[in-house]
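Because the structure is a prediction, the values reported are computed rather than measured. Residue numbers start from 1 in every chain, and the chains themselves are labelled A, B, ... in the order their sequence lines are given, proteins ahead of strands. When reading the values below, keep in mind they use all heavy atoms of this one structure, side chains included, and skip hydrogens, waters and symmetry mates.
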Protein chains: 2
Amino acid sequence: MKFMDPNSDLEELNVLRRLPNVQLGPLNVSAISVATNIYRAGQCLKLKMEREKLSKYDLSWTAFSILYDLWICTSLETRQLAASSGITTATVSNVIKTLENKALCMREVDKKDRRLVNVTITEKGIRIMQDLYPDFHQGEVEIVKELSGEEQETLAKLLRKVIKGMQLSTK
Amino acid sequence: MKFMDPNSDLEELNVLRRLPNVQLGPLNVSAISVATNIYRAGQCLKLKMEREKLSKYDLSWTAFSILYDLWICTSLETRQLAASSGITTATVSNVIKTLENKALCMREVDKKDRRLVNVTITEKGIRIMQDLYPDFHQGEVEIVKELSGEEQETLAKLLRKVIKGMQLSTK
DNA sequence: CACTAATCATTATATAGCTAATGATTTGGA
DNA sequence: TCCAAATCATTAGCTATATAATGATTAGTG
């Protein structure tokens, strides 16, 4: 898979130049820019991490996200894992099944509320995260290397604002 | 699917608080914040648009992206569509097949280089985009409604910087 | 012309993830 | 106490997408 040629007709600024030709009403250009780049950035990040950091452990982005959550919290319920990763509980069931087959986590029915399933990271899962995380974090550092410390904080703050706005409107 | 409870143990700030307990070396906290929120923002955006704007036209996010590109440029090669959306040419083939079945676009082998396939939007495809786009753009405006004009431009600028950095490191 | 290497689209196959349906369990009245 | 409604995980079936293999075509070289 190749990324877009920076001189392509589909590069953001060229698209913005063509949009008025096909569209009638007034446009909020910076809103278009934000939307376009938010999704592209997310896809690039996922792709970069899967290629450079996760493939050698045979983990998908989603599987890593869930294992990461378990590493942080040791044990979590299915619905919590789903809410954190923005996927359905059905998808969590599948991913957990795969992780369980690799002995990276295990599931256990809650004793008080037998509808709940608690998922716990195994020793092997913890070892893998300890082995993997420094390299993964290095990837996080790489993607912001062009930004100053202040710019990094600004970017994170603005993204939180956007996310909060979307979550309110979607609920 | 539900979003995460803002008071969850997995909420960003709580995770950052727990990370030092499981990790050894020093961490770049703002890099973690940027990475976490870039992906979440992208997923929220996709989800919001599919639910609120695209489902009534029975278009997936990817299918919309491709139709949008065709709307802007009228006609494009398979590989260009792939590069723009960050997917493989094989995936484009499938999506185009679906769009062609709905008569929203048509494909044609290039006359000069018979390896290439040119995909062209149909009249019906153009009508759908003209019908859909104002509402889609309204969604783009909604997601930045909490941001000032200046903040919107800053966010777009910082995202472009991050994307450019990732594309260089991935090539 | 002929041969090779590169490029491209397609197909086959597998996985991730979704929605909807199901079954198990708990909760909250009546 | 008992029944209805709500909650939760899982399963089934589907779509989107990825990778790898294949076949077709072109470009380059001699």
Side-chain angles (χ1 to χ4, degrees), chain A residues 1-3 5 39 42-44 46-51 54-55 58-67 75-102 105-120 170, chain B residues 1-3 5 39 42-44 46-51 54-55 57-67 76-102 105-119:
Chain A
M1 191 174 79
K2 282 177 195 163
F3 284 113
D5 174 4
Y39 189 73
Q43 282 308 103
C44 282
K46 176 186 165 182
L47 208 62
K48 171 191 170 71
M49 292 305 197
E50 284 186 338
R51 280 179 179 169
L54 303 178
S55 64
D58 197 29
L59 288 172
S60 69
W61 173 264
T62 306
F64 169 79
S65 303
I66 285 181
L67 198 59
S75 187
L76 287 163
E77 295 164 13
T78 301
R79 57 188 169 159
Q80 293 175 315
L81 291 167
S84 164
S85 296
I87 57 180
T88 62
T89 58
T91 300
V92 172
S93 285
N94 285 327
V95 176
I96 289 295
K97 196 187 299 171
T98 305
L99 289 175
E100 202 176 25
N101 287 339
K102 295 179 182 175
C105 71
M106 52 192 184
R107 73 180 76 198
E108 198 176 12
V109 175
D110 189 284
K111 277 161 191 156
K112 294 183 182 169
D113 185 340
R114 301 190 54 206
R115 293 173 305 178
L116 304 184
V117 166
N118 289 304
V119 185
T120 307
T170 312
Chain B
M1 190 175 78
K2 281 176 194 163
F3 284 113
D5 173 6
Y39 189 73
Q43 283 307 104
C44 281
K46 175 186 165 183
L47 207 63
K48 173 191 170 68
M49 291 305 197
E50 284 185 339
R51 280 180 177 168
L54 303 178
S55 64
Y57 293 89
D58 197 29
L59 288 172
S60 68
W61 173 265
T62 306
F64 169 79
S65 302
I66 286 180
L67 199 58
L76 287 163
E77 295 165 13
T78 301
R79 58 190 170 158
Q80 293 175 317
L81 291 167
S84 166
S85 295
I87 58 180
T88 62
T89 57
T91 300
V92 172
S93 283
N94 284 325
V95 176
I96 289 296
K97 196 188 298 174
T98 305
L99 289 174
E100 201 175 27
N101 286 340
K102 294 180 182 175
C105 71
M106 51 192 184
R107 75 178 76 198
E108 197 175 14
V109 175
D110 190 284
K111 277 161 191 157
K112 293 182 181 169
D113 185 341
R114 299 189 54 206
R115 295 174 304 179
L116 304 183
V117 166
N118 288 304
V119 184

Review point. Would a distance-only check, ignoring hydrogens and angles, find a side-chain to backbone donor-acceptor pair under 3.5 Å from B:Glu77 to B:Leu116?
Key: no
**Study point:** Donor-acceptor under 3.5 Å (B:Glu108 side chain, B:Asn118 main chain)
**Key:** no
What is the separation between atom [atom1] on [X] and atom [atom2] on [N], rounded to the nearest whole Å?
{"X": "A:Leu59", "N": "C:dA16", "atom1": "CG", "atom2": "C1'", "result": "14 Å"}
{"X": "A:Asn94", "N": "D:dC14", "atom1": "CG", "atom2": "P", "result": "16 Å"}
{"X": "A:Trp61", "N": "C:dT15", "atom1": "CH2", "atom2": "C1'", "result": "18 Å"}
{"X": "A:Asp58", "N": "D:dA18", "atom1": "CG", "atom2": "P", "result": "17 Å"}
{"X": "B:Leu47", "N": "C:dC18", "atom1": "CG", "atom2": "C1'", "result": "10 Å"}
{"X": "B:Ile96", "N": "C:dT11", "atom1": "CD1", "atom2": "C1'", "result": "17 Å"}
{"X": "B:Glu108", "N": "C:dA9", "atom1": "CD", "atom2": "P", "result": "14 Å"}
{"X": "A:Ile66", "N": "C:dA16", "atom1": "CD1", "atom2": "P", "result": "11 Å"}

Point to revise | First encountered from the 5' end of DNA chain D, between A:Gln43 and A:Arg79 | key: A:Arg79
Study note, to complete from the structure: Here the gap from A:Ile87 atom CD1 to A:Ile66 atom CD1, rounded to the nearest 0.5 Å, amounts to 4.0 Å
Collect all protein-nucleotide pairs involving nucleotides 21-26 of chain C in which both atoms are nitrogen or oxygen and the distance is under 3.5 Å.
{"residue": "C:dT26", "atom": "OP1", "partner": "A:Lys112", "partner atom": "O", "Å": "3.4"}
{"residue": "C:dT26", "atom": "OP1", "partner": "A:Arg114", "partner atom": "N", "Å": "3.4"}

Review point. Considering residues at least two apart in sequence or located in another chain, which fulfil the side chain to side chain donor-acceptor pair (under 3.5 Å) criterion with A:Ser55?
Key: none
Practice item. Quick one: list whatever passes side chain to side chain donor-acceptor pair (under 3.5 Å) with B:Gln80, sequence neighbours left out. Key: none
Practice item. Tell me whether the OP1 or OP2 atom of D:dA18 has a side-chain N or O from B:Thr91 closer than 4.0 Å. Key: yes
Review point. Using a cut-off of less than 4.0 Å, is there contact between a side-chain N or O of B:Ser93 and OP1 or OP2 of C:dT10?
Key: yes
Counting any heavy atom closer than 4.0 Å, what does [X] reach on the DNA or RNA strands: base, sugar-phosphate only, or nothing?
{"X": "B:Ala90", "result": "base"}
{"X": "B:Val95", "result": "sugar-phosphate"}
{"X": "B:Thr78", "result": "sugar-phosphate"}

Check your understanding: Do you know which two heavy atoms are closest between B:Ala63 and B:Val95, and how far apart they sit?
Key -> CA-CG1, 3.8 Å
Check your understanding: Which pair of non-hydrogen atoms, one from B:Met106 and one from B:Glu100, has the smallest distance, and what is that distance?
Key -> CA-OE2, 3.8 Å
Exercise for review: Name the closest nucleotide to the B:Thr88 side chain, picking from D:dT19, C:dT10, C:dC18.
Suggested key: D:dT19
